[in-house]
Amino acid sequence: MTSIGTGYDLSVSTYSPDGRVFQVEYAQKAVDNSGTAIGLRVKGGVVLAVEKIKHSRLLVPHSNRRIMTAGKYIGVASAGWMSDTRHLVKRVRDEARSYNDVYKTKIPASIIAERLGMYVQAYTLYSSVRPFGVSTLLACMDRNGPQLYMVEPSGQYVGYRGCAVGKGKQVAKTEIEKLNFDNMSVREAVKEAARIIYTAHDDTKDKLFELELSWVCEESNGLHEHVPQDLYDEAVQYAERSLDEDEDEDNEMEDDEDFELAKMPVPFESIIPFAIISGMFTVTGLGIHYAHYKRNDGKPVRYSLDDWDRKMLLRDKQLTGTDRGQVDNVVAPKEFKVNSVWQVHHSLRNAFW
Amino acid sequence: MASLRPGEANLGTTIMAVEFDGGVVVGADSRTTTGAYIANRVTDKLTKVHDLIYCCRSGSAADTQAIADVVKYHLELYAAQHNEPPTVKVAASLFQEICYQNKNNLSAGIIVAGWDARDGASVYEIPLGGSIHRQTFAIGGSGSTYIYGYCDKVFRDGMTKEQCVEFVKNSVSLAMTRDGSSGGVVRLAVITKDNVERIFVPGDMLPEQYLG
């Protein structure tokens with residue numbers, strides 16, 4: 001959706017004729033160019049996952065974290081300018097602290113989201129400052145349960161059950177929409193988050209990346225922290241495995257819990273065509289058998305008939321009325337005189353000669 | 001701690017608040033004095049700061065009224081922002097913040113009591129220095145000194161609403177008899193999750209006691 005501002009995009013305090021503030025939209029672009037970050041909220045907690053793109057192999061692993069904790073119970077993940085993110089995290093910490101100083105209670109999730117949203121929005125009012133080029137995901141667990149908010153560079157904040165920002169957000173969003181949030185545990189959500197990040201990661205663009213996973217849930221005692229190493233490893237394995245599964249068409253299923261084929265009964269409707277066809281064959285066969293039966297007076301069918309046999313059959317027909325009827329009378333019936341070809345011939349001879 | 005200026009209205013007072021299962025009972029006398037003159041003999045010292053949160057004021061009348069107004073404003077704002085009523089803890093914390101930060105200029109002893117959905121019934125006392133104390137029952141004001149023994153003896157856990165009302169009524173009227181700065185009528189308020197019931201006990205209906 002690129003469009004040229006042509007003069008209305010020089011300052012954030014200028015509207016365009018169609019009501020847009022281009023500088024804020026450009027700030028959103030900065031977000032779209034950074035590594036993917038996703039958040040998943042399930043009943044037991046919130047999970048954050050970030051695709052931290054490394055520009056060099058020399059970077060120390062687990063340094064320069066993109067997921068930060070503000071105020072123990074609030075997790076902050078973001079996409080966009082990392083330096084802006086650090087500033088915003090400091091702000092979140094200050095807000096949480098000042099709320100606690102006045103009200104002596106933990107700041108609720110909706111309030112911290114509102115405060116951060118208002119702060120970010122303030123930077124979209126004046127031409128002397130630039131808007132923040134970050135979309136922040138706030139994960140908190142308060143009295144009303146786990147909550148996930150996303151604050152955009154415009155200052156708008158919305159609560160989500162699952163959201164994605166950054167380069168791979170389209171792919172990630174599609175994957176997130178397939179998830180069943182109601183029946184997922186936090187551990188499952190961690191593994192799914194890892195899988196989605198791996199799926200959304202574009203290998204052709206940036207090879208090196210590090211996955212960051214964090215959660216805030218009951219298992220972490222309501223504190224926001226990076227997931228324990230064993231769960232992290234499990235999640236990475238799950239993610240890599242499901243990537244391999246997607247690529248490999250002829251993959252043989254191992255006896256692995258995760259990939260057991262679902263056992264489903266065959267629906268009875270699929271038998272019907274077979275039944276019909278078999279029935280047709282049966283009817284045809286039986287019909288033919290019956291026809292033969294009728295023709296042959298219940299006697300077996302005679303095959304490979306030659307002329308002699310046919311003449312004899314004809315004789316039997318004249319004698320008894322049916323092809324297969326047989327009598328052993330010494331005297332022929334009266335009709336035999338006229339229904340036999342020879343006799344008629346004989347009579348005709350007598351008639352004319 | 002500032003002391004009252006000469007001529008300033010003084011809530012000499014006896015104030016009290018008691019918790020029971022499902023609510024609180026707050027009570028106070030009704031005397032405001034400027035020196036020896038009783039400026040108001042039917043004062044209402046039980047001030048509403050939110051629907052189900054009341055505070056009992058003692059000390060300087062002006063100071064406590066001003067503080068209660070500020071806290072009332074903040075609680076209204078809190079309710080609007082959070083979309084739910086504030087807890088008694090939050091109200092007490094606000095009182096404490098003001099009393100402590102301005103301790104040199106204020107003379108206020110406040111008891112905050114009420115009901116909220118999270119913690120149920122709560123009573124907090126904020127004496128002169130600006131410290132905060134969560135208690136099952138609290139007494140304050142100049143008259144309270146005369147009834148410490150009585151309250152300690154009579155109070156038990158698990159009293160019913162009616163028993164708490166009797167307890168407060170008795171205690172306050174005993175204090176009123178002995179303390180020159182307390183007197184007049186006894187005002188009570190019973191706060192439960194459903195509503196606030198205000199009870200007025202005029203001077204001639206005070207509980208019986210030995211009057212010599």
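Values reported hereafter were calculated over all heavy atoms of this structure, with side chains retained and with hydrogens, waters and symmetry mates removed. Numbered from 1 within each chain, the chains take letters A, B, ... in sequence-line order. Fair warning: this is a prediction, and the values are worked out from it, not measured in the lab.
Atom CZ of A:Phe181 has more than 12 heavy atoms from other residues, nucleotides or ligands within 6.0 Å. The neighbour count for B:Glu8 CD, taken as heavy atoms of other residues, nucleotides or ligands under 6.0 Å away, is above 12. With a 6.0 Å radius and a threshold of 12 heavy atoms from other residues, nucleotides or ligands, B:Arg178 has its CZ atom at or below the threshold. By the 6.0 Å contact criterion, CZ on A:Arg130 is enclosed, its count of non-hydrogen atoms from other residues, nucleotides or ligands being greater than 12. Surrounding OH of B:Tyr73 are at most 12 heavy atoms belonging to other residues, nucleotides or ligands under 6.0 Å away.
Rounding to the nearest 0.5 angstrom, the gap separating the CD atom in B:Gln81 from the CD atom in A:Glu114 is 6.0 Å.
Interface remark: B:Gln101 contributes no atoms to any contact with chain A (heavy atom separation under 4.5 Å). Heavy atoms closer than 4.5 Å to chain B are found nowhere in A:Ser110, neither backbone nor side chain.
The two residues A:Lys104 and B:Lys89 have their closest heavy-atom pair at O-NZ, 3.4 Å.
The aromatic rings of A:Tyr103 and B:His82 lie perpendicular to each other, with more than 60° between the two planes, well past the 30° mark.
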